[in-house]
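Pasting a structure below so you can have a look.
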Amino acid sequence: MGKISKKTLNRVLLRTQGCQFAHNYERMQSLSLTYCVSPVLEELYKDAPKEQRVKAMQRYLEYFNTHPIAIPFILGIATAVEENTDEDHKDTVTAIKTSLMGPFAGIGDSLLNLTWFPIAGSIGASLCVDNGSLIGPLVMFLLINLLYWPLKYFGLHKGYESGMALVDKFGVEVFDRLGDAANVLGVMVTGGLIATTVKLKTAIEFSFGEGDPLVLQTQLDSVLPCLLPIIVTFICYRLLKKGQGKNSAQIILGIIAVCLALFALNYYIPGFPKIIS
C-alpha cells in the first residue's frame with residue numbers, strides 16, 4: 001500500500017454509489033468521477049500549490065463514460081498512476097482512463113446488465129409471480145448487490161495495489177476479448193430466459209369434419225418449441241431498440257392491454273375463438 005490510506009479509498013468507494021447522479025450529455029460521468037476521486041486528490045495535493053490542485057481536478061473533468069461498476073477499478077489504477085508520476089507526466093492518467101473506459105463498458109453491459117441482472121430478476125420473479133410475495137424483489141436486490149459490492153471493493157483496492165502492473169501484464173486488448181466472450185454468454189443466457197420465463201401459447205384449433213381437430217400450438221411445438229415467446233420477445237426487442245428504450249412503458253402497457261382485450265372477448269362473447277391461452 002502506498003501513500004493513500006485505506007480510509008481514503010473507502011471514501012472513494014462510497015462516493016461511487018452515486019456516480020450516476022450527475023450524468024450530462026456533454027462529458028457524461030466526468031462530474032461524478034471528479035467527485036469520487038476528490039478525496040484522493042485532497043490527500044495527494046494537500047500541500048501542493050493551488051495551480052497543481054486545479055490541474056488535477058481538470059484531468060477528471062474531461063469526457064468519461066463507462067459501466068458504473070468499473071469506475072472503482074479504473075479509479076484504483078488512476079490513483080496509483082497519480083501517486084507515482086510527476087507533474088510532467090500526468091497525461092498518463094488521462095490516457096489510462098480513456099483506454100480502459102471503453103472495454104470495461106462492454107464487459108459491464110454484457111456480464112452484468114445483460115446477464116446477471118436478468119438472472120437475478122428471473123429468480124426474484126419466480127418467487128413472487130404466483131403469490132405476490134415481497135421475497136422476490138428482496139432476493140433480486142440481494143443477488144445484485146452481493147455481486148456488485150465485492151466487485152467494486154476489490155476492484156478499487158486491487159486496482160490501486162497492482163496499479164499499472166495489471167494493464168502491462170495482460171494489455172488492454174484482453175478486456176476487449178473478455179467483452180466479446182461476455183456478449184456470447186449474455187446471448188445464451190437471454191435465450192434460455194426466453195424459453196423459461198416468457199409464457200405464450202395459442203388456443204387456435206382447426207376442425208375438418210370428423211376426427212380430432214388440428215391444434216395449432218402442437219404443430220408449432222413440433223417445428224420449434226417456444227416459437228411464440230421468441231417472436232414476441234423479438235418484436236419487443238425491435239421496438240425497444242427503435243425507441244432507444246424510451247418507449248418501454250408504452251410497450252408493457254400495450255401488451256397488457258392486448259391480453260386483457262383478448263381475455264374479455266373470450267369471456268363475454270360465447271363461441272369467440274380462443275387465440276391465446
>> Rounded to the nearest 0.5 Å, what separates atom OG in S32 from atom CG in N65?
In response: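 CG of N65 is found 10.5 Å from OG of S32.
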> According to a 4.5 Å side-chain heavy-atom criterion applied to Ile, Leu, Val, Met, Phe, Trp and Tyr, with indirect links allowed, do L44 and V54 form part of one hydrophobic cluster?
Replying inline: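 No, because L44 and V54 fall into different hydrophobic clusters, even though each may have its own neighbours under 4.5 Å.
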> T34 side chain to Y60 main-chain N or O, any donor-acceptor pair under 3.5 Å?
Replying inline: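 Checked: pair present.
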> For the atom pair SG (C128) and CE (M140), what is the distance rounded to the nearest 0.5 Å?
Replying inline: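 Nearest 0.5 Å value for the SG-CE distance: 10.0 Å.
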> In Å and rounded to the nearest 0.5 Å, what is the OG1 to CD1 distance from T66 to I74?
Replying inline: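 Separation between the atoms: 4.5 Å.
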> What pair of heavy atoms forms the shortest contact from A78 to V93, and how long is it?
Replying inline: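 In this case the closest contact between A78 and V93 is CB-CG1, 4.2 Å.
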Which pairs would a plain distance check flag for residues 7-15, meaning a side-chain donor or acceptor within less than 3.5 Å of a matching protein atom at least two apart in sequence or in another chain?
{"from": "T8", "atom 1": "OG1", "to": "S5", "atom 2": "OG", "distance (Å)": "2.9"}
{"from": "T8", "atom 1": "OG1", "to": "E43", "atom 2": "OE1", "distance (Å)": "2.3"}
{"from": "N10", "atom 1": "OD1", "to": "H157", "atom 2": "NE2", "distance (Å)": "3.1"}
{"from": "N10", "atom 1": "ND2", "to": "K6", "atom 2": "O", "distance (Å)": "3.3"}
{"from": "R15", "atom 1": "NH1", "to": "Y35", "atom 2": "O", "distance (Å)": "2.8"}
{"from": "R15", "atom 1": "NH1", "to": "S38", "atom 2": "OG", "distance (Å)": "2.7"}

> Should we say atom CG of L61 is surrounded by more than 12 heavy atoms from elsewhere, each under 6.0 Å from it?
Replying inline: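 Yes, enclosed.
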>> If you compare all heavy atoms of P137 against all heavy atoms of S133, which two are closest, and at what distance to 0.1 Å?
In response: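 Taking every non-hydrogen atom into account, CD-O, 3.7 Å.
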> What pairs meet the salt bridge (charged side-chain N to carboxylate O under 4.0 Å, His left out) rule with one or both residues in residues 54-68, with sequence neighbours excluded?
Replying inline: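 Matches after skipping sequence neighbours: E51-K55, R59-E82.
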>> Tell me whether F117 at atom CZ has more than 12 heavy atoms from other residues, nucleotides or ligands lying less than 6.0 Å away.
In response: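 No, not enclosed.
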> Is there a donor in the side chain of Q29 and an acceptor in the side chain of Y63, or the other way round, less than 3.5 Å apart?
Replying inline: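 Judged by distance alone, the side chains do not pair up.
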>> Are I77 and F154 connected into the same hydrophobic cluster when the rule is that any two of I, L, V, M, F, W, Y join if their side-chain heavy atoms are below 4.5 Å apart?
In response: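 Hydrophobic grouping puts F154 with I77.
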> Does the side chain of M28 reach to within under 4.5 Å of the side chain of F64, using non-hydrogen atoms?
Replying inline: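 A side-chain contact under 4.5 Å is absent here.
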> Can any side-chain N or O of W116 pair as donor or acceptor with the backbone N or O of L147 at less than 3.5 Å?
Replying inline: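 Judged by distance alone, no pair lies under 3.5 Å.
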>> Connecting only ILVMFWY residues whose side-chain heavy atoms lie within less than 4.5 Å of each other, what is the rest of L253's hydrophobic cluster?
In response: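 Under the 4.5 Å side-chain rule, L253 groups with nothing.
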> Could you give the distance from CD (E161) to OG1 (T79), rounded to the nearest 0.5 Å?
Replying inline: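 Answer for the CD-OG1 pair, E161 versus T79, is 12.0 Å.
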> Does K158 count as lying over the ring of F73, i.e. NZ or CZ under 6.0 Å from the six-ring centre, within 45 degrees of the axis?
Replying inline: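 No, cation not above the ring by the 6.0 Å, 45° rule.
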For residues 222-233, which side-chain N or O atoms pair as donor and acceptor with protein atoms under 3.5 Å away, sequence neighbours left out?
{"from": "S222", "atom 1": "OG", "to": "Q219", "atom 2": "O", "distance (Å)": "2.5"}
{"from": "T233", "atom 1": "OG1", "to": "P229", "atom 2": "O", "distance (Å)": "2.7"}

> Taking all atoms of both residues into account, what is the closest heavy-atom pair of N24 and E26, and its distance?
Replying inline: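 In this case the closest contact between N24 and E26 is OD1-N, 3.0 Å.
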>> Please enumerate all residues that pass side-chain hydrogen bond (donor to acceptor under 3.5 Å, both in side chains) together with Q17, with sequence neighbours excluded.
In response: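 With neighbours one apart ignored, the set is K152.
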> Which distance, rounded to the nearest 0.5 Å, do you find between the SG of C36 and the CG of L75?
Replying inline: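 Between C36 SG and L75 CG, I get 6.5 Å after rounding to 0.5 Å.
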> Is it the case that one hydrophobic cluster holds both I4 and Y153, taking links as side-chain heavy atoms less than 4.5 Å apart, direct or via other members?
Replying inline: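 Per the 4.5 Å side-chain linkage, I4 and Y153 are co-clustered.
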>> Between S122 (side chain only) and I119 (backbone N and O only), is there a donor and an acceptor less than 3.5 Å apart?
In response: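 Flag set: sc S122 to bb I119 pair under 3.5 Å.
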> Taking C-beta and beyond as the side chain, do T16 and L156 meet within less than 4.5 Å on heavy atoms?
Replying inline: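 Sidechains of L156 and T16: no contact.
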> So, does R53 use its side chain to make a donor-acceptor pair with the main chain of K46 at under 3.5 Å?
Replying inline: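 Absent.
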> What pairs with N145 under side-chain contact (heavy atoms from CB on, under 4.5 Å), at least two apart in sequence or on another chain?
Replying inline: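 side-chain contact (heavy atoms from CB on, under 4.5 Å) list for N145, sorted by chain: F141, W149.
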> When you look at I69 and F104, which way does the side-chain contact (heavy atoms from CB on, under 4.5 Å) test go after all the steps?
Replying inline: CA-CA 9 Å; I69 305 302; F104 273 102; over 6 Å; no
